[in-house]
There are 2 protein chains.
Amino acid sequence: MLSKSCIYALRSIVFIAHHTTTEFKIGIKEIARELELPAHYLGKILQQLTKHSIIQSVKGPNGGFSIDEKSQKIKLITIIGVIDGLDFFNSCGFGLKECSKEHPCPLHDNFKIYRDGLLDLFSSKSILDMVSKIEDGNAFIQNANLYETGKKSIKKY
Amino acid sequence: MLSKSCIYALRSIVFIAHHTTTEFKIGIKEIARELELPAHYLGKILQQLTKHSIIQSVKGPNGGFSIDEKSQKIKLITIIGVIDGLDFFNSCGFGLKECSKEHPCPLHDNFKIYRDGLLDLFSSKSILDMVSKIEDGNAFIQNANLYETGKKSIKKY
DNA sequence: ATAATAAAAGACCTGCATATCTTTTATTAT
DNA sequence: ATAATAAAAGATATGCAGGTCTTTTATTAT
């Protein structure tokens, strides 16, 4: 639904928002390491986001990426629009060229509910909303450490 | 969400169910023409479906594809499982390896609603359900003819 | 000034979904 | 038997998302 690029973008932005201030920036390598993403590829994506002023970057020593207060209020849908475009939210689940009230596919109404629901979701949630959840300990943007204590994953020996 | 292959499969099956009986079969070329799909590629897909006994095929003159009564009751999710697999319905929208109640991504609950909803939808609807809608004139599986009379698409000159 | 750092930019590679083309096999009609 | 038909099967091509590698540019610290 969302491309990998888009997912990488969203997770990185949230990570940057969580870990930086205008003074303390964070580099591609560290983001890539912490989120387990391919560093060079991530570079391209962050470039795009920088060009669109969704995040800020500084080159050279102590450089890296950060995100200002204002940008943290950006809604997820904006980022999706920049990376993937918004065609998905107006497309037919069965691939019909035109799928509308006048010429619906057999699941038009059903698909529409979910597509519209996701659109509403992405249109209502901001970067900051994600970060808050993480800071409250109610969500994660990094992968679970499989060897963490108390995780069901292990415990079988 | 569904791959092109899967969409081609679903549309073709519905088309076959709508247009054939055990006596009157339909060939790849005609299906491809009517649904505007690449014929040879479609062949491969129909092969898979035949192997899985979701449709039936006969070679030679007057041969082609058909679908028996019993197979028309097959649910869409079965076809999706054959062509795409069902990983999607158990995956994280943010790409986390583990995304669960214990280690949720920031939109875990929201994504889950839509994923589960789609799963229920595909699990409840059969080929026959699709065909019925079409035969009742309440849905289409072929693309709209842009030059059809009374379609908003044109009418601007 | 120089060296070190880190993003930006550009060129290139890879794998897979998608698509095409050709040959083979099964079936039917003559 | 033979020719025609149509799916099956196999080999090959294409396009693009995803990923890597190298060079350039901007910035900072010494």
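Per chain, numbering begins at 1; letters A, B, ... match sequence-line order. Bear in mind the structure is a predicted one, so any value in this text is a computation, not a measurement.
- Residue B/Lys25 is out of contact with every strand shown, counting any heavy-atom pair closer than 4.0 Å.
- Under the Watson-Crick or G-U wobble criterion, with both distances below 3.5 Å, C/dC21 is paired with D/dG10.
- Contact annotation for A/Leu46: no contact, since no heavy-atom pair falls under 4.0 Å across all strands.
- Distance check, rounded to the nearest 0.5 Å: NZ of B/Lys75 to OG of B/Ser126 gives 5.5 Å.
- Across all strands shown, B/Lys29 has no heavy atoms under 4.0 Å from either base or sugar-phosphate atoms.
- Using a 4.0 Å heavy-atom cutoff across all strands shown, B/Gly64 reaches sugar-phosphate atoms only and no base atom.
- Place A/Lys44 and A/Gly60 on DNA chain C by their nearest nucleotides, and A/Gly60 ends up nearer the 5' end.
- For B/Glu30 and D/dT5, the CD to C1' distance is 15 Å, given to the nearest whole Å.
- Atom CG in A/Leu42 sits roughly 10 Å away from atom P in C/dA7 (whole-Å rounding).
- As a whole-Å value, the separation of B/Leu35 CG from C/dA19 P is 14 Å.
- Nucleotide D/dA8 holds its C1' atom 13 Å from the CD atom of B/Gln48, rounded to whole Å.
- Between the side chains of B/Asp68 and B/Ser71, at least one donor-acceptor pair of N or O atoms lies under 3.5 Å.
- Look at CD1 on A/Ile45: it is 17 Å from C1' on C/dG10, rounded to the nearest Å.
- Picking from D/dA7, D/dG19, C/dA7 the nucleotide with the shortest atom distance to the side chain of A/Lys59 gives C/dA7.
- A close approach under 4.0 Å does occur between a side-chain nitrogen or oxygen of B/Ser57 and OP1 or OP2 of D/dA8.
- Distances from the side chain of B/Phe65 to the nucleotides D/dA8, C/dA8, D/dG18 place D/dA8 closest.
- Rounded to whole Å, the distance from CD1 on B/Ile55 to P on D/dA8 is 8 Å.
- Of the candidate nucleotides D/dC21, D/dA8, C/dT18, C/dT18 has the atom lying nearest to any side-chain atom of B/Lys4.
- Between A/Thr50 and the phosphate of C/dA7, there is no side-chain N or O to OP1/OP2 separation shorter than 4.0 Å.
- Under a cut-off of 6.0 angstrom, the local environment of CD in B/Glu69 is sparse, with at most 12 non-hydrogen atoms contributed by other residues, nucleotides or ligands.
- Of all nucleotides present, only C/dT5 satisfies the Watson-Crick or G-U wobble test against D/dA26, with each distance under 3.5 Å.
- Side-chain contact, A/Asn143 with B/Glu98: no donor N or O sits under 3.5 Å from an acceptor N or O.
- An OP1 or OP2 oxygen of C/dT18 is reached within less than 4.0 angstrom by no side-chain nitrogen or oxygen of B/Tyr8.
- For the 3.5 Å distance criterion, the side chains of B/Tyr8 and B/Ser3 fail to qualify, holding no donor opposite an acceptor.
- In this structure, D/dG19 and C/dC12 make a Watson-Crick or G-U wobble pair, each of the two defining distances being under 3.5 angstrom.
- Side chain of B/Pro61, nearest nucleotide from C/dA7, C/dT28, C/dG10: C/dT28.
- In the set D/dT27, D/dT20, C/dA7, D/dT20 carries the atom at the smallest distance from any side-chain atom of A/Tyr41.
- Nearest nucleotide to the B/Asn62 side chain, out of D/dG18, C/dT18, C/dA29: C/dA29.
- If you take CD of A/Gln47 and P of C/dA11, they are 13 Å apart, rounded to a whole angstrom.
- To the nearest angstrom, C1' of D/dA17 lies 17 Å from CZ of A/Phe88.
- In summary, B/Asp129 and B/Lys125 do not engage in a salt bridge, as defined by a charged side-chain N under 4.0 Å from a carboxylate O.
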